[in-house]
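Sharing a structure, written as structure tokens. Questions coming.
Note that the structure is predicted; figures quoted are calculated from it, not measured. Lettering follows sequence order; numbering is per chain, from 1.
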2 protein chains.
Amino acid sequence: MPAGALTVIPIHDLPMVQPGDDLVVLVTSAMDKAGLSFEEDDVLVLAQKIISKSEDCFASLNDMEPSAQAIEIAKETGKDPDFVELVLRQSNDVVRTGPNVLIVEALTGIVMANAGIDRSNIDRGDDDDIALLLPINSDASARKLRDEFNEQSGKTIAVIIADSVGRAWRYGTSAMAIGCAGIEPLDDQRGDVDMFGHTLEVTEIALADQVSSAANLVMGEATEGIPAAIVRGLKFPRSDRPSSVLIRKKEEDLFR
Amino acid sequence: MPAGALTVIPIHDLPMVQPGDDLVVLVTSAMDKAGLSFEEDDVLVLAQKIISKSEDCFASLNDMEPSAQAIEIAKETGKDPDFVELVLRQSNDVVRTGPNVLIVEALTGIVMANAGIDRSNIDRGDDDDIALLLPINSDASARKLRDEFNEQSGKTIAVIIADSVGRAWRYGTSAMAIGCAGIEPLDDQRGDVDMFGHTLEVTEIALADQVSSAANLVMGEATEGIPAAIVRGLKFPRSDRPSSVLIRKKEEDLFR
């Protein structure tokens, strides 16, 4: 490996995750089969969907009774009223609506489309109205998993839970951290000096989001279905701050 | 290397780039010294600042005569009127202003703070009022460099020019592609099916932005000053589309 290089390693052959599954067992077993083991300061990136599935964060659209607000938004967006009702229940606030667009502040405070509710990559079985919600507290989930992986492996690793989201001014989704443990999410380099000794004007780096994006490059959205990857060789500040420090405070947000 | 892994390789020891420098020569020479050579389908990510420097995209704040609009915005933002004037000259439109905040649509169409004008990592010499502008057409710059690197190396590589930008709802900067050649910037997986045979609802991936973020992890903002990295082992669609396809059309943008 060239000096300073990092490697992004997909973890293949994880089974379909079911409610109650122990992700530490599943990931460790898949790594074993691939001849992989953790190294010090590995960052394990896990897709939101397997956290949600293991934590049984499912809801059925059949259980919804759309409110007047949901019905109105459904008309405006062209979305199913039951789905809109579910999104509203998973949100603090509606940020924007438009044709096929429903952007909200999800319960966790993150601004995203449809409160991060996903209907892809779900084994719907007999119920075609099943939807997968975000974990209730992804930072807590990341901390718990990090502690268990550390104990199990004897190494100090970091864990990021990543989701793919849209952005205001650009097309396409990009992965970001919705949960974080053991890595500084927001690397504050303000006050550092540049190569010429001038103080950097604005440099807080969304480190955990960028690590999520790097991992996403090997994870895939469609049939590949690789919901876990290791980012190895990254130099990063260890930290106990949650990913929620990445969320811009509403009162500082000019785009709400 | 585990199956499907990718590596992100920093290119160390590039000299300070000066106007007129040939980046193909500089990068190739630095790679030679490090024992690196291109492999098929490598993605070379270059920091905006070395493109701008080589293309002599400098301006001096001393040359500015602030307009009434610039003076007003300077008051509101607390920024220097000469700097605001320069930003306005490099912009199509002002999107938001606030204390210490000036978000514009830059000439290239990208929504970003201060039109991407940077005053860090510039050898200001005797003139402390020098600022570095974005390249005039980063997609064209990427294409030209890609062609030259391909000819020089005999391999088919892709080139991305990356800049670090802020986001609407999250703190911290994240790298994105402002120029692109040879890699599909916006990977459209709509119409693909998920693991259970359901059609993916919304999946266009901002591939070039995510590759930029991955590269940024080894590049650093402060004294490290590593303005080039290779992303190797990525599976990606080759494409001739420019990075500008990532820019959300103004009429489809709910946050303008």
Problem set entry | Candidates B:V111, B:V165, B:D209 - the one meeting side-chain contact (heavy atoms from CB on, under 4.5 Å) with A:R170 |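 By the side-chain contact (heavy atoms from CB on, under 4.5 Å) criterion, A:R170 pairs with just one of B:V111, B:V165, B:D209: B:D209.
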
Practice problem: Considering non-hydrogen atoms only, spot the tightest contact between B:A175 and A:Q210 and give its length. | Solution: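 Heavy-atom minimum between the residues: N-OE1, 2.7 Å.
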
Could you grab the distance from atom CH2 of B:W169 to atom CE of A:M176, nearest 0.5 Å is fine?
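The CH2 atom of B:W169 sits 9.5 Å away from the CE atom of A:M176.
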
Exercise. Does a sphere of radius 6.0 Å around CG in B:D13 hold more than 12 heavy atoms from other residues, nucleotides or ligands, not counting ones at 6.0 Å or beyond?
Worked result: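 It does not: B:D13 CG has 12 such atoms or fewer within range.
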
- Task: Pick whichever of A:I103, A:D188, A:L246, A:V231 has the most heavy-atom pairs under 4.5 Å with chain B.
- Result: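 Between A:I103, A:D188, A:L246, A:V231, the count favours A:L246.
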
Exercise for review: Return the minimal non-hydrogen interatomic distance between A:L186 and B:G172, and the atom names on each side.
Suggested key: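 It is CD1-CA, 3.5 Å.
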
Looking at B:R256, B:R167, B:E105, which makes the most heavy-atom pairs under 4.5 Å with chain A?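 Most heavy-atom pairs under 4.5 Å with chain A: B:R167.
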
*Among B:V101, B:D253, B:L36, B:L6, which residue forms the greatest number of heavy-atom pairs with chain A at distances under 4.5 Å?*
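Most pairs with chain A among the choices: B:L6.
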
If you look at every heavy atom in B:A214 and A:A214, which pair is closest and at what distance?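 For B:A214 versus A:A214, the nearest heavy atoms are CB-CB, 3.7 Å.
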
| So, for B:T97 and A:L254, which heavy atoms are closest and what is the spacing to 0.1 Å? |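 What the structure gives for the nearest pair is O-CD1, 4.4 Å.
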
Check your understanding: Tell me, side chain or backbone of B:I230 under 4.5 Å from chain A's heavy atoms, or both, or neither?
Key ->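 When you check distances to chain A, no heavy atom of B:I230 falls under 4.5 Å.
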
Hey, which of A:V218, A:I9, A:I247, A:L217 has the most heavy atom pairs under 4.5 Å with chain B?
->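 Winner by heavy-atom pair count: A:L217.
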
Side chain to side chain, A:V95 and B:F255, heavy atoms closer than 4.5 Å: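 In short, these two side chains touch, coming nearer than 4.5 Å.
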
Checklist line | Atom of A:Y171, atom of B:R248 and distance for their closest heavy-atom approach | finding: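 So the two residues come closest at CE1-CA, 3.3 Å.
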
Checklist line | Engaged part of A:A168 at the chain B interface, taking heavy atoms whose separation is under 4.5 Å | finding: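 For A:A168, backbone and side chain are both near chain B.
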
Which bit of A:L234 is near chain B, if near means a heavy-atom gap under 4.5 Å: side chain, backbone, both or neither?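 For A:L234, the contact with chain B is made by the side chain alone.
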
Notebook entry, point to check: Under a 4.5 Å heavy-atom cut-off, does chain B meet the side chain of A:K235, its backbone, both or neither?
Noted result: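 It is neither, since no heavy atom gets under 4.5 Å.
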
Closest non-hydrogen atom pair between A:P10 and B:A3, with its separation
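Distance-wise, the nearest heavy atoms are CG-O, 3.4 Å.
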
